[in-house]
Every structure is written in C-alpha cells, then in structure tokens.
Amino acid sequence: SLFIHFNGSFHSENYDGIVWYLKYKRPDLSYATITLVSQKNINHLLDENKNKADFIICVDEDMTTTYLSLIPWLVSVVGVRGWCPHQPPS
C-alpha cells in the first residue's frame, strides 16, 4: 500500500525528523521525500540545496511563499502520474 504524509520541510528535510524515526523504527519501509527550495537562478541548483530530499522542487525566490498553493500540484503528480516512492514519475 502507499501512504502519503504531508509535512513542513523542518520535519523531513535532510532526512531528519520524521524520516529519521521511520528509518529507526521501520527500516523495512520504502520512502521518498519532497522539498521545496527557492533561489534566484532556478536553472542550476545551489550546492546548499542539493541532497535535501529525494525530489527537490526549485522555484524562483520571488515566488509567493504560500506553500499551500503547491498542494494541488503535488496531489496531481501523485494521483495522475501514479508516482510511488523510489520510482520516477511515469
């Protein structure tokens, strides 16, 4: 089965927080993390933003920071494309 948990980046970025507990308590689970970063040039990911998650969404630093506006987009990626942890979108 597939379980999707949405949380703020503080709780899973750099595989800390919730992900650390999952790896500790349930090492048998497969998981993937998604995080959002903002930077001036979205064509080249800054070193400081690399390896924060399995999937990194990079947006222009001038973008409005209402992260709730991204939830419908994430749901469409998960629901329509059939995304599963550790598998690229189809």
Side-chain angles (χ1 to χ4, degrees):
S1 66
L2 174 65
F3 176 79
I4 300 172
H5 174 77
F6 290 96
N7 59 259
S9 62
F10 174 82
H11 301 288
S12 60
E13 206 165 75
N14 299 310
Y15 306 96
D16 288 332
I18 293 169
V19 177
W20 183 90
Y21 284 101
L22 282 172
K23 287 165 56 175
Y24 176 74
K25 290 285 192 182
R26 294 290 310 272
D28 57 309
L29 292 178
S30 296
Y31 62 89
T33 58
I34 303 170
T35 197
L36 178 87
V37 298
S38 62
Q39 51 183 60
K40 187 172 187 170
N41 179 358
I42 63 170
N43 297 312
H44 178 73
L45 194 60
L46 296 174
D47 287 341
E48 67 194 56
N49 290 326
K50 293 179 180 176
N51 302 313
K52 287 186 171 189
D54 296 299
F55 299 92
I56 300 169
I57 301 167
C58 184
V59 298
D60 191 286
E61 66 184 6
D62 293 332
M63 182 178 170
T64 304
T65 57
T66 55
Y67 299 107
L68 290 176
S69 64
L70 284 175
I71 290 176
W73 178 81
L74 288 173
V75 169
S76 71
V77 169
V78 171
V80 174
R81 290 183 163 175
W83 174 83
C84 293
H86 296 280
Q87 292 179 355
S90 53

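Along the sequence shown, the residues carry numbers beginning at 1.
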Candidate pair Tyr31 and Lys23, rule side chain to side chain contact (heavy atoms under 4.5 Å, CB included), full reasoning: CA-CA 9 Å; Tyr31 62 89; Lys23 287 165 56 175; 3.1 Å; yes
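- Legend: residues meeting side chain to side chain donor-acceptor pair (under 3.5 Å) with Tyr15, ordered by chain and number and at least two apart, are Asp54.
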Which pairs of donor and acceptor atoms, one on a side chain in residues 42-52, lie under 3.5 Å apart (sequence neighbours left out)?
from	atom 1	to	atom 2	distance (Å)
Asp47	OD1	Lys50	NZ	3.1
Asn49	OD1	Lys52	NZ	3.2
Asn49	ND2	Gln39	OE1	2.8

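- Counting only distance, with no hydrogens or angles, the side chain of Asp60 and the backbone of Asp62 share a donor-acceptor pair below 3.5 Å.
- In the hydrophobic clustering (ILVMFWY side chains linked at under 4.5 Å, chained through shared members), Ile18 is joined by Leu22, Leu29.
- Residues Ile56 and Leu36 do not share a hydrophobic cluster, defined by chaining ILVMFWY side chains whose heavy atoms lie under 4.5 Å apart.
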